[in-house]
J.: 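Here you go, one structure.
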2 protein chains.
Amino acid sequence: MSRAGLTPALVVQEAARLSDERGFDSLSLAMVAARLGVATPSLYKHVDGLPGLRREVALLGVNDIGACLQRAAVGRSGPDALRATADAYRRYAHAHPGRYAALQQMPRWAGAEVELSHDPVTVLAAVLRGFDIPEERMVHAIRALRSGLHGFVDLEMRGGFGLPEDVNESYALVVEGFVRVFRSWSASG
Amino acid sequence: MSRAGLTPALVVQEAARLSDERGFDSLSLAMVAARLGVATPSLYKHVDGLPGLRREVALLGVNDIGACLQRAAVGRSGPDALRATADAYRRYAHAHPGRYAALQQMPRWAGAEVELSHDPVTVLAAVLRGFDIPEERMVHAIRALRSGLHGFVDLEMRGGFGLPEDVNESYALVVEGFVRVFRSWSASG
DNA sequence: CCTCTTGGCTAATGGGATTAGCTTCGAAGA
DNA sequence: TCTTCGAAGCTAATCCCATTAGCCAAGAGG
């Protein structure tokens with residue numbers, strides 16, 4: 001390797017780090033290049049321009065959060081699993097705001113060879129399976145859960161909750177709301 | 001040539017229209033200027049650069065959606081009001097995706113002289129008042145509702161719901177979920 | 001008719017993305 | 001060890017957009 005020893009993985013990793021620090025929106029090739037000590041055009045040997053880099057960061061984020069959720073859910077079931085997973089979800093977003101913002105743009109390039117080793121939606125689906133929800137409602141349940149978790153985290157990270165009331169408590173109540181609703185949807189009443 | 005007869009309001013309106021058509025992210029002064037038939041720098045006489053323009057569009061969006069929600073809620077109460085408002089919320093986002101995206105960035109410049117004639121959060125709060133929720137839970141309830149509505153609409157607009165299941169039905173179920181939860185939170189049990 | 005404010009313009013600067021084409025590192029093989 | 005070749009990184013050049021500076025004319029008020 002000629003000097004810097006870059007690899008696609010290294011570039012993407014640095015980009016992800018930068019996204020977390022400065023925001024996914026302001027991610028730029030120039031910034032990544034500076035951080036890696038190379039000239040901007042050099043990056044084109046490893047990633048497919050800015051759009052490609054953003055896509056890679058998103059992909060990294062999806063797999064990352066999927067792994068987190070899985071780790072949180074393993075060994076639990078029902079409401080307990082839901083609580084743990086919801087917690088992990090929010091914690092991931094806080095820890096990696098840039099990656100989290102990035103992965104929201106994934107659907108655009110969906111259908112591609114996305115190759116998820118850890119799909120967050122699959123984990124949520126598995127968690128919901130512990131609620132005995134009739135099959136024809138499963139998709140709706142997953143959508144509802146994703147909406148609630150994402151909406152809360154998104155508003156929170158944008159500074160949308162201005163009042164002094166404890167945000168953790170709000171989140172806990174949201175999660176308990178889901179527990180209640182999903183119980184009410186269960187086949188057994 | 002005071003020919004073009006621009007005003008701040010006109011510029012912002014065109015910017016909002018463009019945001020809805022091409023996406024708030026790709027809004028640019030150059031595009032707005034072209035659309036209005038003037039040179040880019042001319043816009044600086046009316047708005048405070050690109051950041052200022054984005055802020056104005058966001059402000060427009062907040063007031064817009066606030067007015068929509070208010071119109072939907074008036075004359076109704078309780079679950080009925082909640083359903084109507086939730087519907088209006090989603091409909092607004094679909095009709096004006098650019099403005100909707102813009103208003104999510106409002107919190108950043110909050111505290112300013114924001115002067116909302118129609119504050120969407122206030123409307124939601126009023127709607128929730130019909131559920132007899134204890135005062136100390138009100139803020140949490142509003143946060144939960146905002147999270148659910150925003151999260152759903154956001155995921156939907158990003159193409160996050162890929163499966164063929166009816167999205168309208170999913171949304172209806174989410175709203176009914178809120179009805180159930182808020183009922184359970186009501187002081188009267 | 002004169003003047004002053006003000007909206008719109010052109011020119012110029014700076015930054016980021018992207019492309020083209022050059023150079024040199026470093027490994028594989030004679 | 002010497003040669004060759006592919007790939008990594010670089011510089012130069014182009015394009016697009018935001019922003020600033022400074023010019024000019026139009027229209028209201030006297």
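Letters go in sequence order (proteins before strands), and every chain restarts at 1.
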J.: Please lay out, stage by stage, how B/Leu6 and B/Leu43 fare under the test side-chain contact (heavy atoms from CB on, under 4.5 Å).
T.: CA-CA 9 Å; B/Leu6 295 188; B/Leu43 299 180; 4.2 Å; yes

J.: Name the pairs: protein N/O against N/O of nucleotides 18-21 of chain D, kept only if under 3.5 Å.
T.:
{"from": "D/dA18", "atom 1": "OP1", "to": "B/Leu29", "atom 2": "N", "distance (Å)": "2.8"}
{"from": "D/dA18", "atom 1": "OP2", "to": "B/Leu29", "atom 2": "N", "distance (Å)": "3.4"}
{"from": "D/dA18", "atom 1": "OP2", "to": "B/Ala30", "atom 2": "N", "distance (Å)": "2.9"}
{"from": "D/dT19", "atom 1": "OP2", "to": "B/Tyr44", "atom 2": "OH", "distance (Å)": "2.6"}
{"from": "D/dT19", "atom 1": "OP2", "to": "B/Leu50", "atom 2": "N", "distance (Å)": "2.8"}
{"from": "D/dT19", "atom 1": "O5'", "to": "B/Tyr44", "atom 2": "OH", "distance (Å)": "2.9"}

J.: Pairs in or reaching into residues 44-91 of chain A: which pass ring-ring contact (aromatic ring centres under 6.0 Å, His included), with residues at least two apart or in two chains?
T.: A/Tyr89-A/Tyr100

J.: Tell me: CG of A/Leu43 to C1' of C/dT18, nearest whole Å?
T.: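 About 12 Å, once rounded to whole Å.
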
J.: Going by number, which of residues 9-23 of chain B have a non-hydrogen atom under 4.0 Å from DNA chain C?
T.: none

J.: Through what angle, rounded to 10 degrees, does the axis of the helix from C/dC1-D/dG30 to C/dA30-D/dT1 turn between its ends, using five pairs per end?
T.: 0°

J.: Do any side-chain nitrogens or oxygens of B/Ser42 fall under 4.0 Å of OP1 or OP2 in C/dG7?
T.: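 No.
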
J.: Is the phosphate of D/dA7 approached by A/His46 (side-chain N or O, under 4.0 Å from OP1 or OP2)?
T.: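 No, no such contact exists.
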
J.: Do the side-chain N and O atoms of B/His150 and A/Asp154 include a donor-acceptor pair separated by under 3.5 angstrom?
T.: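 Yes.
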
J.: Please give the remaining members of the hydrophobic cluster of A/Leu163, linking ILVMFWY side chains under 4.5 Å, ordered by chain and number.
T.: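 Its cluster mates, by chain and number, are B/Val139.
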
J.: Using atom CZ of A/Arg54 as one end and atom P of C/dG16 as the other, report the distance to the nearest whole Å.
T.: 15 Å

J.: Output all residues satisfying salt bridge (charged side-chain N to carboxylate O under 4.0 Å, His left out) with A/Arg146, sequence neighbours left out; order by chain, then residue number.
T.: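 Listed in chain order: nothing, the list is empty.
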
J.: Would you mind checking if B/Arg83 and B/Asp87 are paired as a salt bridge, meaning a charged N to carboxylate O distance below 4.0 Å?
T.: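 Salt bridge flag = no for B/Arg83 with B/Asp87.
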
J.: Could you state the CG-P distance from B/Leu6 to C/dT6, rounded to the nearest angstrom?
T.: 16 Å

J.: When you compare the side chains of A/Arg180 and B/Ser184, does any donor N or O come within less than 3.5 Å of an acceptor on the partner?
T.: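 Indeed, the side chains of A/Arg180 and B/Ser184 share at least one donor-acceptor pair under 3.5 Å.
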
J.: Whole angstroms only, please: what is the NZ-C1' distance between B/Lys45 and C/dG7?
T.: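 Result: 6 Å.
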
J.: Would you check if there is a donor-acceptor pair between the side chains of B/Asp20 and B/His96 at a distance under 3.5 Å?
T.: yes

J.: Does B/Ala86 offer a backbone N or O that forms a donor-acceptor pair with the side chain of B/Arg90 under 3.5 Å?
T.: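 Judged by distance alone, no pair lies under 3.5 Å.
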
J.: When you measure from the centre of the six-membered ring of A/Phe131, is the NZ or CZ of A/Arg183 under 6.0 Å away and within 45° of the axis?
T.: no

J.: Between B/Glu135 and B/Arg129, does any side-chain N to carboxylate O distance fall below 4.0 Å?
T.: no

